[in-house]
Amino acid sequence: MHRDGSWLIVTPAGYLNDQAGATLNTVFKTSDLSGIKVVLFDFGETVIVNSQGIACLLDNCDALIEEHQVKIAFCRMPQLVKEAFSLVGLLEMASTHGTEQEARSALGHV
Amino acid sequence: MSDQSFERSFLEQLSSEKRTLRVNAVVQLAKTAGSNEALKALQQLADGADRELSFYAAQAISRIRARRGDSSPEEQNTQTHQQGAAQADGPAITRTRLLSPQPSEVQCILTRIRSAPKSLPEELRPPAAAFFGRFGRENDVSFLAAWLDDPDSGLIVPVIEAIEALAPHALTAHFPRLLSSNHPIVRMRAISALQRIDPEEAEAHLSELLASRRGEERMAGLSLAFLFPFPKIREYLITILGEEQDPEVLRACEALLASNPEIDTTLRILDLIDTAPKPQAARLSAIFKTVCTSMATAGLVDGPEAPQEGIIKLWRRERLKKFLSDLEIQIAVATATRREAIEDWLAKNLQTPEVASFVEKLGQDPATEEVYRRLASFLPKKTAPVPSKEKVTPQQRSESDKLLLLAKIDKTGWEQHSQWVREEARFGPPALRAAAMQALATLSVDAGDLPLAETAIQQEDPDVQLAAFKLLELRAPEHLIPRLPALLASSAPKVRGRAIRFALKRDEKAAIQGIDWMLRSQDRTLRAQAVSCLFLFPFEKISDLVLLTLETEDHPAIARQLLVILLSNPSKDILDKLDKVQTTTSVGVSMLVAQARMDLFDILLKLGIDVQESAGTRSPACESGQSPALQAKTATKASRLAGSTQSPTSREIPATSATAVKAAVPIKPYSVAEVRQTIRNREAGQRPFAKKDESKQPLPQKPRDRLAGIALFATIIVALAFLPIMIPKSSEPVQPEEASKATGKGSRGQDERRSEEQIGRLSGIPATFRMGRPCKLTGTVVKMLDKQCFTFECEANLFRCTYPGSLPMMLNGEQISVEMLPYRKLPNGQIAAEVTGLTLPR
C-alpha cells in the first residue's frame, strides 16, 4: 500500500483470504486517510479473493465511502476476481479499470 | 469449392499454429491433392526433422503417387539406398516399402517382422503399424501393443489404429495411458477406439476434451464429435459458443452446426447473440447466418425472404417470452460486460410491448431494479415530458406522475413535499406506498416514520414490505429482529434476500436455513437471487450446500456463480468434493463443472497446495468407475430414497449423493475419474509454463464463400475423425541443451491451458532463489537461445528461462534482474523457470 498525493494505491498480493483481509482491516484502521480522495485497489498481483477476503473488502469499501467519502477504484482484476465481485455487488461500489494509468485518466488525477 | 481450392486451402493450413490442423491438412492432402505443388510441400515435410509430420507426409505422398499412378521403381530403389541396405532375406524394410508395398512383398514383410519385431528400428514402427493394420491378423497385436510405449507421441496413433482394426479389446489395458495422453490426437484417437467398446464412457471423455481450456484439445474433441449423436453434441456446441474466442474452434463448431442444420439450433444461437458481449455477438451472428444458409440449402426453410429473416421472426413469435424469463435470471447473476450487452438489447427492443413490460417487471426485483432504473427513461410511456403538470399539486397527479415525482425528490425539495410523501406512504396504492417509503428512508430523519414502516412491513405487497424493511434497517434495526422469522419465511424473493443479509448479521443459523430454502426452489429467479447472497456467508458454512445445489442446478448462469464461489475458496477438499459432483440436468452445467475442476486444480497448483494423489484413492463415486451419467442417476435415486423436508415446490437436492453411489460396480481403469487423476498427477509434477497467448492467434480468413468454407472445414473435421491421424511430438533422443525444450513440449497441454488465464504475480518477491516460488534474481545472461528462451546464471545456478512473449534485446553476459517462477530441475542440471518480469540495465 502506498500513497501518491490524494491517491492511495493498495496492491493485495497472492491469496486474499481472512488473514490478508484482517491485515487490510488493520492497515486501513491505523492509516491516516486525511486528504485521500481515491483508493485504488490494484489486483494485478492477486491470485484469488475468497469469501472472507470479499467480506473484508466490502466492509472496508463501505467504510471508506461512508466515513471518508473517497472514491473506490479497482484495476487489473483477474477474471475470476471480477466475476466474484460482480456476484457480490462489489463492482457497484467502485469503478473498474484496466490499469492504474487508465484509472488515473478516468478519474482525472483527482 | 473445387478440388484445387480445397488443395490450396489445405496447403495454407500446413502453416497453421495448431498442430492438429497441420496434421489434418496432411491427411486431407493425401485424400484430395494431386498437384506437383502439393507433392513438393509434402516432400519437404517428409524430409523434415519432425518425425510425426514426416511420417504422415510420407504416407500422404505414397497415397497421392498411387492415385496418380506415378509410383516408380526408381524411387523405391532410391529409398532403399537411402534408408537401408538390402538384406540377405530380402529387400530392406523401409518406410516407403511399408507404406506402399508391392503385393508380392506383403507376405515376406509380414513374416520378417513377425519373426523379430523387436529388431525393427523404432523409426519404422509407425509405418509398420500402418502396414499391419492393413495386412496383419489378430495375433500380431501381441507385439504391436508393445509399441504403445510413449503415449505422449503422436507416432503411436497408427499403432492404436492397427490394434483397433485387428483386436479392439486389446486396447482396454492401454486406455488409461492413452486417454490421459498429453497429445490431443492420441486422446482423440483413444476415445474413438473406446467408443467401440464403451460408448457411454467414451462420451464422458469427449465431454472432458470439449471442456478443456486448451484450444487444441477442444479442436480434437470437435473433430471427434462427428462420431457421436448430434442431439447430444449440439448441447456441447451451444455451451461452447457462449464463451469461445478461438476462431478455429468457432469455425469447427460452425462446421458441425451447419452440417446438421436444425431450426432449434438457430433459435438457440439467437438466444446467445442477444446476451453476449458485442465482439462475441458478432462472431455468433456470422455462425447464425451460416447455419441459416445451410438450412435453406437443405430445404428446411423456404419463403421469399432471406432465411435468417424468417428465423428471427420465428424467434420473436415463439421464443421471446421464454428468452425474457431467462434474461431475468441472467441479469441477476451476469458479469458487468454481459449485463451491459443485455441492457443494450433491451434498450434496442423497448418498443416491443413484451420487452417494455418485462423492463417494468425488472423494477420490482431488487436484483434487477438497477437495470430498470437505467432503462426506465427509455420506456415508451415515460419518454414524453410533462410540462403541463408542473403547476398541478402532487395530490392531483396521476399515479405514474406521482412515481416520477417521488423518484425526483431530493433533499432540497424534501420540506416542500414531506407531508404529501407521508400521506402516500400511509394511504397510497402499493407502488406509490413503496416509493414513498423509500423516499422516507433516504430523506427523512423523523422518528415518527418508524411506526409507519412497522405497519407497512406487515403488508402483503412485497415492494411495500421491502421499502419498509430498508427504512427500519437503516434507522431502527432492532425493530426488525422480532419480525425476522416471518420475513425469512416470506415467499417474496426480494424480501427474503434482504432478510437473509440482515439475519446473517444477527442469526446466522436462521439465515442459512433461509438460503437453503431459496436454493431448493423451482423458481430460477429465486435461486439466482440466493446465489448472489451466498458469498456473504462464511464459506465453511455453505460449501456443502453449494455443492449439493450444483448437482441439481440446470441453469448454466446460476451454476457458474456457484462455481465462482467454490473457485474463490480453493482447497484440496473442495476439489475432491467437486470431483464427486455429477450432474445430468444440463450438458452446459456439466461442461462448466468440468472446466471448474480444471481451473480449481490450476489454482491449487498456483497456491502451492499438494494435489498429487495415487490412483484409486478417490471418491466412492469416482472409484465406482461409473460414467458421470450413471453416477448421477444412481445418486439422484439415492437422494430420493433419503428424502427430505421439502416444500412441494422445491427441487430435490441429493443429500447423500456422494456416498449413495458407492455401489458394487466394477472399477473401470479408463473411467474419466481415473484418467483425470493421472493427468493431474502428471501436471502436478510440472509447473505452469506460460506459453503464447491463444488469443493472439491469427484471425480467421475472410470468407469468400462462407458456406463453401464451412463445407471445407466440415470435411476436415470429419476426416480428422475417421482417418488415421497423428500428431507430432518428437521422440528423438534429446540433447541436453534441448531437454528442457522437450519438457516444454511435454507440458504444453497444461501450459497452453493456463496461458488463457492471467497468472497473477506475487508482490514482495524475495531476491533469493526458491524452487516453486516466485523470486527476483539478479545475474548474468549466459546465452540467448531463441526469441523466447535464454539461459541465466545466478547464485551458482543456471536457469533456463522462458519468457511468455518476445524477449527484448539482450546480450550474452549482460547483467539483468529476472522475476521468475523456477519450477523444475532439468536432467542437465539447469533449472527451468517461467519469467514474469525482466529489468534490463539502463
Side-chain angles (χ1 to χ4, degrees), chain A residues 1-2 9-24 27 40-59 61-62 66 73-100, chain B residues 243 332-339 366-367 370 501 504 528 531-543 546 557-558 560-571 574 596 599-600 602-609 756-765 773-774 819 836-837:
Chain A
M1 184 151 90
H2 68 276
I9 319 292
V10 185
T11 313
Y15 187 9
L16 181 41
N17 54 10
D18 53 339
Q19 292 166 338
T23 309
L24 207 59
V27 168
L40 172 69
F41 288 90
D42 181 343
F43 291 104
E45 294 172 8
T46 308
V47 176
I48 213 155
V49 185
N50 78 353
S51 293
Q52 284 149 311
I54 285 181
C56 288
L57 274 174
L58 268 171
D59 287 345
C61 289
D62 257 342
E66 300 266 321
F74 298 148
C75 73
R76 295 207 295 154
M77 300 172 75
Q79 182 57 29
L80 181 61
V81 173
K82 199 182 278 181
E83 276 189 81
F85 284 12
S86 170
L87 180 60
V88 84
L90 246 174
L91 292 187
E92 287 162 25
M93 301 171 76
S95 56
T96 54
H97 310 275
T99 60
E100 180 180 335
Chain B
E243 305 287 340
V333 296
T335 58
T337 324
R338 190 171 284 269
R339 195 182 281 208
E370 271 298 315
R501 290 180 198 216
L504 201 57
V531 169
S532 63
C533 301
L534 274 172
F535 245 124
L536 303 175
F537 288 78
F539 180 69
E540 64 279 8
K541 301 266 172 65
I542 50 100
S543 59
V546 172
I558 299 175
R560 175 62 193 166
Q561 301 312 326
L562 292 166
L563 290 165
V564 166
I565 295 168
L566 297 176
L567 291 172
S568 298
N569 294 277
S571 71
I574 291 297
D599 293 344
L600 184 53
D602 285 349
I603 289 169
L604 292 175
L605 277 186
K606 275 187 205 168
L607 295 174
I609 295 170
E756 290 183 7
E757 59 192 45
Q758 190 173 340
I759 298 175
R761 290 190 302 115
L762 305 179
S763 66
I765 297 178
R773 296 283 184 274
E819 280 180 46
T836 53

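Lettering follows sequence order; numbering is per chain, from 1.
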To the nearest 0.5 Å, how far apart are [atom1] in [X] and [atom2] in [Y]?
X: Asn17(A); Y: Ser568(B); atom1: CG; atom2: OG; answer: 12.0 Å
X: Phe535(B); Y: Asn50(A); atom1: CZ; atom2: CG; answer: 8.0 Å
X: Thr836(B); Y: Glu45(A); atom1: OG1; atom2: CD; answer: 9.5 Å

Discussion item. Tell me whether Gln19(A) at atom CD has more than 12 heavy atoms from other residues, nucleotides or ligands lying less than 6.0 Å away.
Written reply: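 Atom CD in Gln19(A) is not packed in, count stays at 12 or less.
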Worksheet entry | Exam field: side chain Asn569(B) to backbone Ser51(A), donor-acceptor pair closer than 3.5 Å |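 Yes; at least one donor-acceptor contact below 3.5 Å.
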Fill in: Under the ring pair (Phe, Tyr, Trp, His ring centres under 6.0 Å) test, residues paired with Phe74(A) that sit two or more places apart
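Once residues adjacent in sequence are excluded, the partners of Phe74(A) under the ring pair (Phe, Tyr, Trp, His ring centres under 6.0 Å) criterion are Phe41(A), Phe43(A), Phe85(A).
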Fill in: Within-4.5 Å side-chain heavy-atom neighbours: Leu80(A) and Ile603(B)
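Of all side-chain heavy-atom pairs linking Ile603(B) with Leu80(A), at least one is under 4.5 Å.
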Discussion item. For Gln561(B), give me all partners under side-chain hydrogen bond (donor to acceptor under 3.5 Å, both in side chains), at least two apart in sequence or on another chain.
Written reply: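 Listed in chain order: nothing, the list is empty.
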Worksheet item: Contact part of Ile565(B) toward chain A, heavy-atom cut-off under 4.5 Å: side chain, backbone, both or neither?
Response: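 The side chain, not the backbone.
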Worksheet item: Under a 4.5 Å heavy-atom cut-off, does chain B meet the side chain of Ala55(A), its backbone, both or neither?
Response: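 No part of Ala55(A) comes within 4.5 Å of chain B.
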Item to complete: Heavy-atom pairs under 4.5 Å with chain B are the metric here; pick the option from Asp18(A), Leu58(A), Ile48(A) that has the most.
Response: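 That would be Ile48(A).
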